[in-house]
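One structure is given here, and the rest of the page talks about it.
Labels below follow one simple rule: chain letters A, B, ... track the order of the sequence lines, proteins then strands, and each chain is numbered from 1.
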2 protein chains.
Amino acid sequence: MAQNRHNGLPAYQKIQRAIRQRIETNKLKSGDAVSSERELARIHGVSLMTARHALAGLEREGIVERRRGSGTFVAPPRIHFNRLMSYTEQMGSRGLTPNSKIIVAKIIGDEPEVAARLGLPATSRIVKIERVRHTADEPFALETCFLPADEFANLIDAPLARTSLFATLEHDCNVQLAYADEEVDATVAEGRVAQLLNLRPGAPLLRIRQVIYSTKTKPVIYVIGFYRSERHSLFIRRMR
Amino acid sequence: MAQNRHNGLPAYQKIQRAIRQRIETNKLKSGDAVSSERELARIHGVSLMTARHALAGLEREGIVERRRGSGTFVAPPRIHFNRLMSYTEQMGSRGLTPNSKIIVAKIIGDEPEVAARLGLPATSRIVKIERVRHTADEPFALETCFLPADEFANLIDAPLARTSLFATLEHDCNVQLAYADEEVDATVAEGRVAQLLNLRPGAPLLRIRQVIYSTKTKPVIYVIGFYRSERHSLFIRRMR
DNA sequence: AAGTGGTCTAGACCACGGC
DNA sequence: CCGTGGTCTAGACCACTTC
């Protein structure tokens with residue numbers, strides 16, 4: 001019997017979706033027992049191996065925990081470490097309202113080093129968006145994003161003071177962001193950067209340069225950020 | 001038929017071990033095709049599902065890649081991002097010889113903030129080891145480690161100028177390190193730190209404070225490190 | 001067309017946990 | 001003891017890739 005003659009989704013995925021849904025709608029809470037393999041097999045009219053496959057997949061995702069001899073249980077909510085998040089998302093997850101001021105939004109064509117980071121020819125046209133990030137009227141970061149103008153020229157008119165660049169890319173430009181490689185070092189505030197961040201020259205700044213890749217392993221954004229050290233620190237979890 | 005009556009290891013793990021071995025001994029290189037499910041089933045005298053299970057496990061570990069309709073192939077060598085590594089290990093992985101000078105190695109008892117980070121009572125006795133890290137005679141980092149003296153008092157006599165603290169802990173003290181939470185920010189060199197790192201006051205420094213946990217989710221080491229910014233930057237990969 | 005991985009069945013025995 | 005997950009069988013059909 002074909003698994004997807006009925007509606008186009010494998011049986012094990014239908015089972016997973018059903019369980020995920022029960023968790024998302026709080027019918028199942030962290031620590032609760034999920035139906036056993038045998039129950040699921042009976043309920044969904046599949047064989048034991050198929051029910052197993054469904055649970056194994058959910059376990060790999062960290063959604064459930066399986067304990068031999070005991071059962072399958074909803075895993076405690078995951079703590080997200082080292083997740084690629086936009087400023088908007090980070091602030092949102094702390095219950096703060098993000099705030100940005102656009103300093104520059106234009107197309108440039110003479111930044112060979114930036115072009116190289118994006119994997120483009122040296123004189124490529126590039127969208128440059130420079131924003132000062134605020135919380136409660138105090139500036140705390142200066143972020144400059146660069147994107148290939150060929151694909152994203154329309155971004156210079158996007159309402160980025162209010163909406164997230166990530167959200168705009170993922171929803172309006174049909175780009176799925178996958179991961180970012182960051183290079184972090186320390187520097188001191190000088191000149192224009194000091195002025196925009198309202199800092200005295202010589203104040204320590206965290207500098208983060210990141211290349212953000214799409215799911216197609218293609219560089220999409222290059223960001224240089226300067227973060228006021230007394231207002232911002234970076235958290236990382238490293239695994240052995 | 002019992003899977004482990006023969007020798008105590010499930011069949012799928014034996015298959016995995018066999019494949020891993022062929023990769024480690026370079027009989028199979030990156031990109032090479034691994035025996036197909038059907039071949040493995042025949043060779044090892046198991047059913048198709050069991051061979052499948054073996055390959056699925058190796059795929060989850062990132063050791064092989066499976067391509068429908070095409071076959072199973074040895075995955076490209078993994079790049080380790082965000083791995084908890086000691087200075088010695090980091091230098092070694094770049095083909096450099098590590099070099100340290102011990103500045104302080106003693107037991108202290110009046111560092112309530114450090115004690116708190118280690119999850120200890122405020123006046124606990126704590127091992128303090130301060131080291132300057134060199135490469136080619138140029139100092140580039142000052143690292144201060146703190147460990148509970150109850151368990152690790154013997155470390156003050158360990159030959160840490162030459163051997164790795166991680167290695168000593170894992171081999172001699174029977175402690176398995178699991179992960180670390182790091183807090184990164186920027187600061188400037190001052191006073192004693194500037195002097196030890198041979199920097200002018202006001203030079204930017206990367207400061208990394210990390211709590212390293214054992215596999216028992218117990219804090220084992222608290223480290224404060226100052227890194228010369230022009231000699232060191234931090235790489236992180238963030239996933240979406 | 002031949003071969004590969006992906007899904008699935010309808011059973012089986014084992015090892016473990018809790019009662 | 002009974003229910004749980006862990007391993008396993010000997011097949012099957014499908015979707016896909018390669019030739």
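The CG-P distance, from B:Leu48 to D:dA12, rounds to 12 Å in whole Å. Going from atom CZ of B:Arg42 over to atom C1' of C:dT4 covers 15 Å, rounded to whole Å. We find that CZ of B:Phe73 is positioned 17 Å from P of D:dC16, with the value rounded to whole Å. To the nearest angstrom, P of D:dT17 lies 15 Å from CD of B:Glu65. When rounded to the nearest whole Å, the span between CG of A:Leu40 and P of C:dA10 equals 16 Å. One atom, CZ of A:Arg60, and another, P of D:dG6, lie 14 Å apart when rounded to the nearest Å. Distance CG (B:Leu9) to C1' (C:dC14): 15 Å, rounded to an integer number of Å.
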Between protein and nucleotides 1-5 of chain D, what N or O pairs are separated by less than 3.5 Å?
unit_1: D:dG3; atom_1: N2; unit_2: A:Gly69; atom_2: O; d: 2.7
unit_1: D:dT4; atom_1: OP1; unit_2: A:Ser36; atom_2: OG; d: 3.4
unit_1: D:dT4; atom_1: O2; unit_2: A:Gly69; atom_2: N; d: 3.2
unit_1: D:dG5; atom_1: OP1; unit_2: A:Thr72; atom_2: N; d: 3.2
unit_1: D:dG5; atom_1: OP1; unit_2: A:Thr72; atom_2: OG1; d: 2.7
unit_1: D:dG5; atom_1: OP2; unit_2: A:Glu37; atom_2: N; d: 3.0
unit_1: D:dG5; atom_1: N7; unit_2: A:Arg38; atom_2: NH1; d: 2.9
unit_1: D:dG5; atom_1: O6; unit_2: A:Arg38; atom_2: NH2; d: 3.0

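Within the 4.0 Å cut-off from OP1 or OP2 of C:dC8, not a single side-chain nitrogen or oxygen of A:His53 is found.
Taking the side chain of A:Gln13 as heavy atoms from C-beta on, and the options D:dT9, D:dT7, C:dT7, the nearest nucleotide is C:dT7. Listed nucleotides: D:dT9, C:dA12, C:dC8. Nearest to the side chain of B:Val46: D:dT9.
The ring pair (Phe, Tyr, Trp, His ring centres under 6.0 Å) test applied to B:Tyr12 returns B:His53, not counting sequence neighbours.
Note that CD1 of B:Ile224 and CD of B:Gln210 are 11.0 Å apart. Values are rounded to the nearest 0.5 Å.
For A:Arg209 and A:Asp185, the salt-bridge test passes: some basic side-chain N is under 4.0 Å from an acidic carboxylate O.
For B:Ser100 and B:Arg133, the side-chain atoms include at least one donor-acceptor pair closer than 3.5 Å.
The closest donor-acceptor contact from the side chain of A:Gln16 to the backbone of A:Ala54 lies under 3.5 Å.
The shortest distance between side-chain heavy atoms of A:Arg131 and A:Leu165 falls below 4.5 Å.
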